Amino acid sequence: MTRAFRRRSLCSRPIDRLRFQASADGAPKSGFLRDMKVKEIFTYLLIGLPLVVFVGLVFRNPAADLSLGFAEARALERVVTNGSSESSGSENGFSRLSNRDKLIGGLLIPGFDEGSCLSRYQSSLYRRISTHRPSPYLISKLREYEALHRRCGPHTKPYDEAVEQLRSGSSVSLTECKYVVWMSYSGLGNKILTLASAFLYAVLTDRVLLVDPGKDMADLFCEPFPEKTWLLPNDFPLMDQFSNFNQKSPNCHGYMLKTNTLNESTEALPSYLYLHLVHDYDDHDKLFFCDQEQALLSRVPWLILKTDNYFVPSLFLIPSFEHELSNLFPQKDNVFHHLGRYLFHPSNHVWGLITRYYDAYLSSADELIGIQVRVFEIGSGPFEHIMDQILSCTLQEKILPGVDKEGFSSVSLERPRMKAVLMTSLSSGYYEKLRTLYWEYPTTTGEVIAVHQPSYEMYQQTEKKAHNRKAWAEMYLLSMSDLLVTSAWSTFGYVAQGLGGSKPWILYKAENMSTPNPACRRAMSMEPCFHAPPFYDCKAKKGIDTGVVVPHVRHCEDMSWGLKLVHHQDL
């Protein structure tokens with residue numbers, strides 16, 4: 001009985017143990033007692049000290065810092081638990097084990113007011129770190145451009161002088177700064193791609209990029225440059241003429257070439273030229289991509305650009321830009337990846353849409369799969385052949401697991417691996433069918449598939465602010481995917497793959513209401529496709545196939561006549 005009592009006392013009550021030992025021996029053993037008291041004090045310190053430190057940290061740090069830390073932990077949790085897609089993450093150019101890269105490899109600079117644009121420095125909490133690092137030369141050129149924009153941006157002395165000359169209508173004279181004005185045109189995906197194209201052109205030609213705000217540019221995006229806005233002031237002299245600019249406008253570059261009122265020998269150049277690079281542009285408009293025309297354009301202080309094309313691939317075919325572009329982008333297929341993450345930061349309202357949806361539905365998944373569905377069929381969907389194509393692609397490429405329709409798959413007692421599928425489409429039909437499939441039947445792998453779709457707007461509503469906010473949020477959410485499936489011809493998908501730095505599986509465009517075979521293919525690169533490129537040799541003055549001139553400019557997977565940039569060593 002005494003032995004059992006002592007055994008219990010050793011584990012539970014050290015003070016009682018001392019009392020019992022003293023009474024049993026007849027006299028207290030003072031040295032042993034002192035040793036035990038020291039051990040007791042040491043034990044209490046070990047237990048209590050961490051608690052005191054934690055309480056002190058809680059009261060010292062503001063709640064915002066704690067929430068930021070939890071957001072970072074949530075983002076990193078998916079990185080750690082997603083073990084099985086490590087190879088796919090690496091293949092898409094990402095490292096899952098990197099620490100937070102707030103400045104995106106040096107693309108961004110510190111010093112912005114974080115509250116005015118939460119996404120600028122928080123986006124790294126929701127993304128893996130891209131292993132596609134920007135070149136030191138690109139970073140230095142971005143810093144040079146920021147200095148130029150600061151010196152020549154709206155309401156600076158050089159800007160006011162250039163505007164005054166433009167307002168006077170006088171022929172061109174020497175100005176301190178030159179400008180390219182991007183006109184707001186077409187859908188949101190096109191706007192993002194063309195704005196990136198215009199910015200690269202501005203960097204190559206030492207011009208300041210100014211952005212026509214349209215109806216919602218300020219509502220969707222943060223300011224990308226320090227101190228000076230990129231938005232064109234409302235009192236810009238030509239603002240009220242933008243809607244009337246076309247291929248027959250007197251100052252249209254192509255029209256002036258066609259009528260021979262503009263050539264290399266022209267001395268009295270106009271103060272501005274309108275560049276019509278829309279999909280319906282003609283052969284004279286396309287001469288923009290010739291070196292001799294670039295020499296002429298360099299003498300004009302104001303260029304007004306209207307386009308719905310990602311024309312970057314053809315800039316790589318202009319000899320005078322070739323060396324500079326090679327220095328800026330040693331790996332040719334990450335132009336939009338770097339420029340997109342530098343320029344396009346969701347506004348606080350849109351960032352709220354993104355983070356709330358991600359935290360509520362996607363953050364707990366072991367793997368995030370994006371499926372972007374853009375249908376060009378006439379009539380109301382969903383279309384059965386499109387649904388069949390989605391399933392054929394995702395199952396054959398092992399993006400999604402198969403289902404056991406006999407219901408014989410065993411149920412694991414351990415926590416199953418979960419994949420979240422983020423679908424975007426104007427219709428809810430494809431989402432509902434996929435969600436129902438994985439609800440009604442178990443997967444053959446034992447994984448749990450959760451299917452989500454943020455919105456279904458039924459039809460594209462380009463001019464509606466709420467529609468564009470949701471569209472921008474969904475592009476950004478798709479760009480967070482570990483694996484991505486996109487639709488042919490879709491600029492929506494191009495933006496997502498470029499921002500995310502992933503080579504998606506592209507769903508081929510369906511013909512004759514039938515499922516293509518194969519249903520999809522892996523993209524050669526993350527770069528968008530230039531849908532309407534020129535096919536012209538400026539020196540030989542004859543038509544050529546511009547998709548075979550250099551190894552890093554190839555025809556697109558989803559549009560045989562289009563052009564896209566590739567890293568030819570990866571092919």
Side-chain angles (χ1 to χ4, degrees), residues 104 108 116-127 182-199 211-224 229-231 308 310 336-362 368 370-374 422-427 431 452-481 484 486-487 490-502 504 526 528:
I104 318 181
L108 307 182
S116 65
C117 182
L118 297 172
S119 66
R120 190 190 318 275
Y121 299 131
Q122 288 184 12
S123 63
S124 58
L125 298 175
Y126 291 84
R127 289 191 186 282
W182 173 89
M183 289 176 57
S184 181
Y185 177 69
S186 195
L188 183 58
N190 294 80
K191 287 178 181 176
I192 292 172
L193 297 179
T194 60
L195 193 44
S197 304
F199 176 69
V211 173
D212 169 17
K215 293 185 177 181
D216 58 8
M217 292 299 291
D219 180 69
L220 297 174
F221 305 101
C222 300
E223 294 278 355
T229 182
W230 69 339
L231 297 177
D308 55 0
Y310 179 73
F336 182 76
H337 181 57
H338 292 320
L339 297 186
R341 293 183 305 153
Y342 173 73
L343 290 172
F344 303 115
H345 308 289
S347 65
N348 283 354
H349 185 95
V350 177
W351 187 240
L353 296 177
I354 294 166
T355 55
R356 286 191 294 272
Y357 197 90
Y358 181 89
D359 290 339
Y361 300 106
L362 308 176
L368 176 56
I371 301 178
Q372 181 258 335
V373 182
R374 179 72 165 93
L422 174 70
M423 294 197 74
T424 65
S425 174
L426 292 173
S427 166
Y431 148 74
H452 307 283
Q453 182 169 327
S455 71
Y456 32 93
E457 299 283 285
M458 301 307 294
Y459 60 93
Q460 191 167 346
Q461 304 167 55
T462 301
E463 298 304 318
K464 285 193 175 181
K465 185 177 291 187
H467 176 85
N468 283 337
R469 283 175 174 175
K470 292 175 184 177
W472 179 212
E474 290 182 14
M475 288 182 210
Y476 210 91
L477 284 166
L478 281 173
S479 76
M480 297 175 177
S481 302
L484 183 61
T486 62
S487 296
S490 175
T491 56
F492 195 107
Y494 294 161
V495 171
Q497 72 193 44
L499 290 177
S502 61
M526 68 186 86

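Just so you know, residue 1 is the first one in the sequence shown, and it goes up from there. It should be emphasised that the depicted structure is a prediction, and the values quoted were computed from it without experimental measurement.
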Quiz prompt | Gln122 vs Trp351 side-chain heavy atoms within contact, under 4.5 Å | solution = yes
Quiz item: Shortest non-hydrogen contact from Val211 to Met217?
Solution: CG1-CE, 4.2 Å
Self-check item: Non-hydrogen side-chain atoms of Leu422 and Ile371 separated by less than 4.5 Å
Solution: no
Quiz item: Would you call Met480 and Leu362 a side-chain contact if the rule is heavy atoms closer than 4.5 Å?
Solution: no
Self-check item: Gln372 and Thr486: side chain donor to acceptor below 3.5 Å
Solution: no
Practice problem: Would you indicate whether the side-chain heavy atoms of Met475 and Leu499 approach each other to under 4.5 Å? | Solution: no
Practice problem: Decide if the gap between the ring center of Phe199 and the ring center of Trp230 is smaller than 6.0 angstrom. | Solution: no
Quiz item: Where does the angle between the aromatic ring planes of Trp472 and Phe221 fall among parallel (under 30°), tilted (30 to 60°) and perpendicular (over 60°)?
Solution: tilted
Quiz item: Are side-chain N/O atoms of Arg127 and Ser479 paired as donor and acceptor at under 3.5 Å?
Solution: yes
Practice problem: Kindly assign one of parallel, tilted or perpendicular to the pair Tyr310 and Phe336, based on the angle between their ring planes and the thresholds 30° and 60°. | Solution: perpendicular
Exercise. Verify, without hydrogens or angle tests, whether Asn348 (side chain) and Leu118 (backbone) share a donor-acceptor contact under 3.5 angstrom.
Key: yes
Quiz prompt | Steps toward side chain to side chain contact (heavy atoms under 4.5 Å, CB included) verdict (Lys470, Val350) | solution = CA-CA 8 Å; Lys470 292 175 184 177; Val350 177; over 6 Å; no
Exercise. Kindly indicate, with the supporting measurements, whether the criterion side chain to side chain contact (heavy atoms under 4.5 Å, CB included) is fulfilled by Lys215 and Lys465.
Key: CA-CA 8 Å; Lys215 293 185 177 181; Lys465 185 177 291 187; over 6 Å; no
Quiz item: Any donor and acceptor pair, going by atom type alone, linking the side chain of Asp212 with main-chain N or O of Ser184 inside 3.5 Å?
Solution: yes
Self-check item: Side chains of Arg469 and His349 in contact at under 4.5 Å (non-hydrogen atoms)
Solution: yes
Quiz item: Under 3.5 Å, is there a donor-acceptor pair between the Asn190 and Asp308 side chains?
Solution: no
Quiz item: CZ of Arg374 to OG of Ser487: how many Å apart, nearest 0.5 Å?
Solution: 8.5 Å
Self-check item: Main-chain N/O of Cys222 paired to His345 side chain as donor or acceptor, under 3.5 Å
Solution: no
Practice problem: Would you mind reporting whether Leu477 and Leu353 have side-chain heavy atoms less than 4.5 Å apart? | Solution: no
Quiz item: So, the side chain of Arg120 versus the backbone of Glu223: is there a donor-acceptor pair under 3.5 Å, distance only?
Solution: yes
Quiz item: Ignoring hydrogens and geometry, is there a side-chain-to-backbone donor-acceptor pair from Gln453 to Ser425 under 3.5 Å?
Solution: yes
Quiz prompt | Test side chain to side chain contact (heavy atoms under 4.5 Å, CB included) applied to Leu478 and Thr424, step by step | solution = CA-CA 8 Å; Leu478 281 173; Thr424 65; 3.4 Å; yes
Quiz item: Below 4.5 Å, heavy atoms only, C-beta onward: do Glu474 and Ser455 meet side chain to side chain?
Solution: yes
Quiz prompt | Side-chain donor or acceptor of Thr194 paired with backbone N/O of Lys191 under 3.5 Å | solution = yes
Quiz item: Mind checking whether Tyr361 and Tyr357 have parallel, tilted or perpendicular rings, split at 30° and 60°?
Solution: tilted
Self-check item: Tyr431-Tyr456 aromatic ring centre distance below 6.0 Å
Solution: no
Practice problem: Could you give me the CA-CA distance, side-chain angles and deciding distance for Leu188 and Leu220, then say whether side chain to side chain contact (heavy atoms under 4.5 Å, CB included) is met? | Solution: CA-CA 10 Å; Leu188 183 58; Leu220 297 174; 3.7 Å; yes
Quiz item: With no hydrogens and no angle check, is any side-chain donor or acceptor of Ser197 less than 3.5 Å from a backbone partner on Leu193?
Solution: yes
Quiz item: Counting N and O atoms only, with roles assigned by atom type, does the side chain of Thr229 sit under 3.5 Å from a partner on the main chain of Leu231, one being a donor and the other an acceptor?
Solution: yes
Quiz item: side-chain contact (heavy atoms from CB on, under 4.5 Å) with Pro346: which of Cys117, Ser123, Ser119?
Solution: Ser119
